[in-house]
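Atoms considered below: every heavy atom in the structure, side chains included; atoms not considered: hydrogens, waters and symmetry mates. Each chain gets a letter, A, B and so on, in the order the sequences are listed, and its residues count up from 1. Please read these numbers as outputs of a predicted model, since none were measured by experiment.
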Amino acid sequence: MPELIEVEIYRRQAEGLVGRTVSAVSAPDEWFLKGATTPAALLSTLVGSLVTRADRIGKLLLLEVISGHRGANGESAATEAGERSTLGLRFGMTGRLVVDGKAEIDELLYSTSTADHRFVRFGLSFDDGGEMSMIDPRRLGGVEIAPDISRLGPDAATLSARQLCDAISRSTIPVKARLLDQSRVAGVGNLIADETFWRAGVDPTRSCASFEPVEVTALAARIRSTIKLLTKRGGSHTGDLQDHRHRDGRCPRDGSPLKRDEIGGRTTYWCPVHQL
DNA sequence: CCGGATGTTCACCT
DNA sequence: GAGGTGAACATCCG
């Protein structure tokens with residue numbers, strides 16, 4: 001996916017929805033509805049509601065809405081006027097967001113063009129004639145009313161040394177596995193993780209417990225700076241290591257053959273010479 | 001044809 | 001409880 005950086009781009013797109021009222025919901029794929037979310041619940045929660053905010057925690061996009069008044073005959077509105085709700089949008093690995101026919105991220109690795117209508121999994125229409133849709137070929141994403149955000153760690157883009165310390169304390173697993181755990185730190189995906197460790201000169205297989213306080217502070221700073229850099233460049237795939245993340249790849253810094261292994265269930269590349 | 005790809009969740013082990 | 005593994009989702013690409 002879309003890691004934190006891409007979802008932040010989606011969030012900015014979604015800010016264009018603030019101030020609009022939902023006129024219709026399209027949920028052609030029930031698999032895409034997560035938790036207790038049903039088509040009926042979406043209808044009663046969203047139709048007639050005003051979008052008030054677009055927030056983001058890690059890779060989760062949150063649309064805040066407030067319900068409005070229904071027709072004079074008071075048709076079945078399960079939601080009271082003025083009631084606030086949150087719609088959570090997850091993008092999996094291949095999900096993209098289209099607002100009013102425009103996609104800020106048109107081409108995504110391992111995905112298809114937004115011109116392909118086959119994979120529209122969810123959509124909202126607005127009273128001004130605009131629309132928002134989610135495209136996700138692999139259906140790894142989803143939407144959920146009132147998603148449980150208590151299970152997400154602090155956002156990686158603003159991660160403090162103290163927060164990272166808490167996230168990796170009392171654990172013996174590889175530090176990269178911990179960073180990928182969204183309940184510990186929210187937003188770091190496989191590409192951001194490999195790029196961060198490469199830039200930090202840190203071996204991603206190292207146990208969390210092996211980190212000295214000064215190293216934790218440095219790593220937290222490196223996570224923030226890497227996200228900032230990749231955001232400026234335009235995506236999680238714009239790191240210096242990216243083009244070398246393949247078998248036979250060599251470290252772009254010192255030319256040594258990269259190590260390849262599975263950490264935290266994800267393929268990991270790192271340089272055995274300068275990442276210690 | 002096979003393997004693997006920016007992700008998450010869950011069941012089932014040790 | 002912690003941690004690891006594999007499955008599931010489904011498509012594209014080399």
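Nearest heavy-atom pair, Arg151(A) versus Asp148(A), reported as atom, atom and distance to 0.1 Å: CD-OD2, 3.1 Å.
Spacing between atom CD1 of Ile135(A) and atom P of dC12(C) amounts to 13 Å, rounded to whole angstrom units. Distance Met93(A) CE to dG3(B) C1': 13 Å, rounded to the nearest Å. For the pair Gln242(A) CD and dA5(B) P, the interatomic distance rounds to 11 Å; values are reported in whole Å. When rounded to the nearest whole Å, the span between CZ of Phe91(A) and P of dT9(B) equals 15 Å. For Lys176(A) and dG7(B), the NZ to P distance is 9 Å, given to the nearest whole Å. One can place CD of Glu6(A) at 9 Å from P of dG7(B), the figure rounded to the nearest angstrom. With rounding to whole Å, Leu191(A) atom CG is found 10 Å from dA5(B) atom P. Separating the CG atom of Leu179(A) from the P atom of dT8(B) is a distance of 13 Å, rounded to the nearest angstrom.
Taking a pair as Watson-Crick or G-U wobble with both distances under 3.5 Å, the runs of three or more consecutive pairs in DNA chain B are B:2-5 with C:11-14, B:7-14 with C:2-9.
Salt-bridge check for Lys176(A) with Asp194(A): passed, with a basic side-chain N closer than 4.0 Å to an acidic carboxylate O. A salt bridge does not link Arg224(A) with Asp155(A): none of the charged nitrogens is closer than 4.0 Å to a carboxylate oxygen.
An OP1 or OP2 oxygen of dT8(B) is reached within less than 4.0 angstrom by a side-chain nitrogen or oxygen of Lys59(A). Distances shorter than 4.0 Å separate none of the side-chain N or O atoms of Thr94(A) from OP1 or OP2 on dC12(C). One finds no side-chain N or O of Arg170(A) lying less than 4.0 angstrom from the OP1 or OP2 phosphate oxygen of dA2(C). OP1 and OP2 of dG4(B) both lie 4.0 Å or more from every side-chain N or O belonging to Thr267(A). Here Arg178(A) reaches the OP1 or OP2 of dG3(C): one of its side-chain N or O atoms lies under 4.0 Å away.
Under the 4.5 Å side-chain heavy-atom criterion for Ile, Leu, Val, Met, Phe, Trp and Tyr, Met134(A) and Ile105(A) are members of the same hydrophobic cluster. One hydrophobic cluster holds both Tyr10(A) and Val22(A) under the rule that ILVMFWY side chains link at heavy-atom gaps under 4.5 Å.
At least one test fails for Arg245(A) against the ring of Tyr269(A): distance under 6.0 Å to the centre or angle within 45° of the axis. Cation-pi geometry between Arg96(A) and Phe91(A) is not satisfied (NZ or CZ under 6.0 Å from the ring centre, within 45° of the ring normal).
Comparing dT11(C), dG7(B), dT8(B) against the side chain of Pro137(A) picks out dT11(C) as the nearest. Closest to the Arg151(A) side chain, of the nucleotides dT9(B), dG3(C), dG7(B), is dT9(B). Ranking dG7(B), dT9(B), dG4(C) by closeness to the Arg90(A) side chain, first place goes to dT9(B). Which of dG4(B), dG3(C), dG4(C) sits closest to the side chain of Thr172(A) comes down to dG3(C). Closest to the side chain of Phe119(A), out of dC12(C), dT9(B), dG3(C), is dC12(C).
None of Thr238(A), Leu230(A), Leu191(A) except one satisfies the side chain to side chain contact (heavy atoms under 4.5 Å, CB included) rule with Ile5(A); the exception is Leu230(A). Checking Ser207(A), Ser169(A), Ser171(A) one by one against Arg178(A), the side chain to side chain contact (heavy atoms under 4.5 Å, CB included) holds for a single residue, Ser171(A).
Nucleotides dA7(C) and dC2(B), compared at atom P, are 15 Å apart to the nearest Å. For the P atoms, the distance linking dT8(B) with dG1(C) amounts to 23 Å, nearest Å.
Nearer the 5' end of DNA chain C, as judged by each residue's closest nucleotide, is the contact made by Ile173(A), out of Ile173(A) and Arg121(A).
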Below 3.5 Å is the cut-off: list the nitrogen or oxygen pairs between protein and nucleotides 6-9 of chain C, distance only.
from, atom 1, to, atom 2, distance (Å)
dC9(C), O3', Arg139(A), NH1, 3.0

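In this pair, His274(A) and Trp198(A) present their aromatic rings perpendicular. The plane angle is above 60°, beyond the 30 to 60° band.
With 3.5 Å as the limit, one finds no donor-acceptor pair spanning the side chains of Thr231(A) and Glu8(A).
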